[in-house]
Amino acid sequence: MGTYLKISVAALCAAILAVFLRKTSADYAVLTGVAGCCLCAWLVITLAQPVVSFATDLFSNTGLKQPLLKPLLKTVGIGLLTQITSAVCTDAGESALAKMAELGGCVMCICVSIPLMEAVLQIIRDMTGG
């Protein structure tokens with residue numbers, strides 16, 4: 001709970017500062033938002049450690065191959081980074097860039113998840129004897 005409170009306070013402080021800066025310099029306001037996102041991302045990484053540990057234990061206890069965990073975590077990371085990038089682009093007034101960032105993130109998630117899809121297909125083949 002303490003880390004989430006830090007994230008909330010950092011985000012609110014960066015947002016308030018960006019609102020004040022937007023009146024004098026829109027460029028600095030966007031940079032303040034980006035800096036706030038970076039700080040919050042660093043704090044989120046500390047929150048994510050138990051999730052990664054749980055996923056590792058889950059994979060080892062179910063007999064699934066550990067290399068399948070990496071694409072799963074990459075996909076989640078790409079999705080989160082895409083959301084942040086899109087929001088920053090939208091705040092900067094670049095909605096077309098925001099949409100392209102979202103499209104790129106979607107395509108990248110598909111590319112990264114190919115090993116997972118191949119593993120599912122192999123499991124289906126093994127189950128059906130094909």
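Keep in mind that the numbers below use all heavy atoms, side chains included, and drop hydrogens, waters and symmetry copies.
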Distance-minimising heavy-atom pair for [X] and [Y]:
| X | Y | answer |
| --- | --- | --- |
| Ala98 | Ser86 | CB-O, 3.4 Å |
| Ala14 | Gly36 | CB-CA, 3.8 Å |
| Ala29 | Ala18 | CB-O, 3.4 Å |
| Val112 | Lys74 | CG1-CB, 3.5 Å |

Hey, does [Y] have a side-chain heavy atom less than 4.5 Å from the side chain of [X]?
| X | Y | answer |
| --- | --- | --- |
| Pro115 | Pro71 | yes |
| Leu17 | Cys13 | no |
| Asp27 | Leu21 | no |

Please lay out, stage by stage, how Leu47 and Ile7 fare under the test side chain to side chain contact (heavy atoms under 4.5 Å, CB included). CA-CA 10 Å; Leu47 272 179; Ile7 293 169; 3.6 Å; yes

When rounded to the nearest 0.5 angstrom, what distance separates [atom1] in [X] from [atom2] in [Y]?
| X | Y | atom1 | atom2 | result |
| --- | --- | --- | --- | --- |
| Ile123 | Glu118 | CD1 | CD | 12.5 Å |
| Cys38 | Leu43 | SG | CG | 11.5 Å |
| Leu121 | Ile114 | CG | CD1 | 11.5 Å |
| Lys6 | Trp42 | NZ | CH2 | 7.5 Å |
| Cys89 | Ile84 | SG | CD1 | 12.0 Å |
| Glu102 | Thr90 | CD | OG1 | 7.0 Å |

Polar side-chain atom of [X] near backbone of [Y] as donor-acceptor pair, under 3.5 Å:
| X | Y | result |
| --- | --- | --- |
| Ser113 | Ile110 | yes |
| Thr82 | Ile78 | yes |
| Thr32 | Tyr28 | yes |

Taking atom CE of Met100 as the centre, does the number of heavy atoms from other residues, nucleotides or ligands within less than 6.0 Å exceed 12? no

Report yes or no: do Leu39 and Val44 belong to one cluster of Ile/Leu/Val/Met/Phe/Trp/Tyr joined by side chain heavy-atom distances under 4.5 Å? yes

